[in-house]
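All figures in this text were calculated on a predicted structure; none of them were measured in a lab.
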Amino acid sequence: MKKLAFLSLCGAAFLLASCDFGGAERDRLKAQNDSLSMALDQRNAELDEIMGTFNEIQEGFRQINEAENRVDLQRSTDENSASVKEKIVSDIHFIAKTMEENRTQIAKLQQQLKNSSANSAQLRKAIEGLKKELEEKERQIQELRAELEAKNVRIRELDEAVSGLNTNVEMLTAENEAKAKAMAEQEKAINTAWFVFGTKNELKAQKILEKGDVLRSSDFNKNYFTEVDIRQMKELKLYSKRADLLTTHPAGSYALVKDEKGQLTLVINNPDEFWSVSKYLVIQVR
């Protein structure tokens, strides 16, 4: 009878444990599903924003084409009449303004795609197509000026528009290069970290370890550290059988793995989390 009661108690405990496990598993799956839904919503929002900019650029090109057609029709009549010149000037101003807006929008679109998780090859190809179309429009403006000049139709505004386009191209090119350089430097700074490993005496000699505290003062030997890109550094061989991380790095973001000789290698499982507290890594080996 006692044995039967004991078995009953065990069975009840097992059922309770199973229920708890099922609840925990459901919670885990729900959290995972919520995370995926949020990521999907964010991706859709990014794509909506990208496509909105893309459509604005396409509409700009459509309006430019319409303005060019009006200029063609007007040139078939008396180009030297004041009214025709006025219309041509108006259309040329509109074309130049719209092309400038499209150039700005294309730069915005490139940045949106760069910042987006939707790293689509087709979208990159579409943006390259828009850039080529803009270049073609600039070439057509140049041809338009030459054609009008051949008919002795000198329009100061047209010259200014073409000159402005050339100047803007140079300015935007220089500006984009400066922005790209600044972004590259910023990205490099964000993803730069420094590491060092050594014995207790070695770390003390470089003032990295003082009175049991790591990086206690600012006069430690920074040249003793090795600079790394946190996106590239996944493992670090320590050539020692014992090692302690003296700087703070979240548990679970790394592991110390032994090889066949018992020597340790630091394996970074989650670089963003690992370097979130400190961009300096100090390891004491023995």
Inset, instruction - Would you mind reporting whether Gln263 and Lys258 have side-chain heavy atoms less than 4.5 Å apart? - result: no

Legend entry - N/O donor-acceptor pair under 3.5 Å between Ser253 side chain and Asn270 backbone: no

Legend entry - Expected output: side-chain Glu202 to main-chain Thr199 donor-acceptor under 3.5 Å: yes

Legend entry - Where Ala243 and Leu256 come nearest, the two heavy atoms and their spacing: O-CD1, 4.0 Å

Legend entry - Where Gly252 and Asn269 come nearest, the two heavy atoms and their spacing: O-ND2, 3.9 Å

Inset, instruction - Determine whether more than 12 heavy atoms belonging to other residues, nucleotides or ligands lie under 6.0 Å from atom NZ of Lys279. - result: yes

Legend entry - Reported CD-to-CG distance for the pair Gln206 and Asn201, which is rounded to 0.5 angstrom: 11.5 Å

Inset, instruction - Please tell me if the side chains of Ile190 and Thr192 come closer than 4.5 Å, counting only heavy atoms from C-beta onward. - result: no

Inset, instruction - Kindly work out whether a path of hydrophobic side-chain contacts (I/L/V/M/F/W/Y, heavy atoms less than 4.5 Å apart) joins Leu266 to Val257. - result: no

Inset, instruction - For the pair Lys108 and Glu101, evaluate salt bridge (Lys or Arg N to Asp or Glu O under 4.0 Å) and give the outcome as yes or no after the intermediate values. - result: CA-CA 10 Å; Lys108 175 185 173 183; Glu101 290 173 353; over 6 Å; no

Legend entry - Validation row: Tyr224, Ile208 side chains within 4.5 angstrom (heavy atoms): yes

Legend entry - Short N-O contact, Lys131 and Glu128, less than 4.0 angstrom: yes

Inset, instruction - Drop me the distance from Leu246's CG to Leu203's CG, to the nearest 0.5 angstrom. - result: 6.5 Å

Inset, instruction - To the nearest 0.5 angstrom, please state how far the CD1 atom of Ile230 sits from the CE atom of Met233. - result: 10.5 Å

Inset, instruction - Answer whether the closest heavy-atom distance between the side chains of His249 and Val277 falls below 4.5 Å. - result: no

Legend entry - Flag side-chain contact, heavy atom, 4.5 Å: Leu215 against Thr247: yes

Inset, instruction - With rounding to the nearest 0.5 Å, note down the distance linking NZ in Lys204 to CD in Gln284. - result: 9.0 Å

Legend entry - Side-chain donor or acceptor of Asp259 paired with backbone N/O of Gly262 under 3.5 Å: yes

Inset, instruction - Would you check if Leu245 and Tyr254 make a side-chain contact, meaning some heavy-atom pair closer than 4.5 Å? - result: yes

Legend entry - Set of ring pair (Phe, Tyr, Trp, His ring centres under 6.0 Å) partners for Phe220, sequence neighbours left out: Phe225, Tyr280

Inset, instruction - Indicate yes or no: at least one non-hydrogen side-chain atom of Phe274 is less than 4.5 angstrom from one of Leu281. - result: yes

Legend entry - Within one Ile-Leu-Val-Met-Phe-Trp-Tyr cluster: Val228 and Ile283, side-chain cutoff 4.5 Å: yes

Inset, instruction - Please answer: with hydrophobic residues joined when any side-chain heavy atoms are less than 4.5 Å apart, are Leu264 and Ile268 in the same cluster? - result: yes

Inset, instruction - For residues 230-247, pull every pair meeting salt bridge (Lys or Arg N to Asp or Glu O under 4.0 Å), keeping only residues two or more places apart or in separate chains. - result: Glu187-Arg231, Asp229-Arg231, Asp244-Arg286

Inset, instruction - Report yes or no: do Ser217 and Asp219 form a side-chain donor-acceptor pair below 3.5 Å? - result: yes

Legend entry - Joint cluster assignment, Val214 & Phe197, ILVMFWY side-chain distance < 4.5 Å: no

Legend entry - Straight-line distance of Glu100 CD to Thr98 OG1, nearest 0.5 Å: 10.5 Å

Inset, instruction - Compare all side-chain heavy atoms of Thr265 with those of Leu236 and state whether any distance is below 4.5 angstrom. - result: no

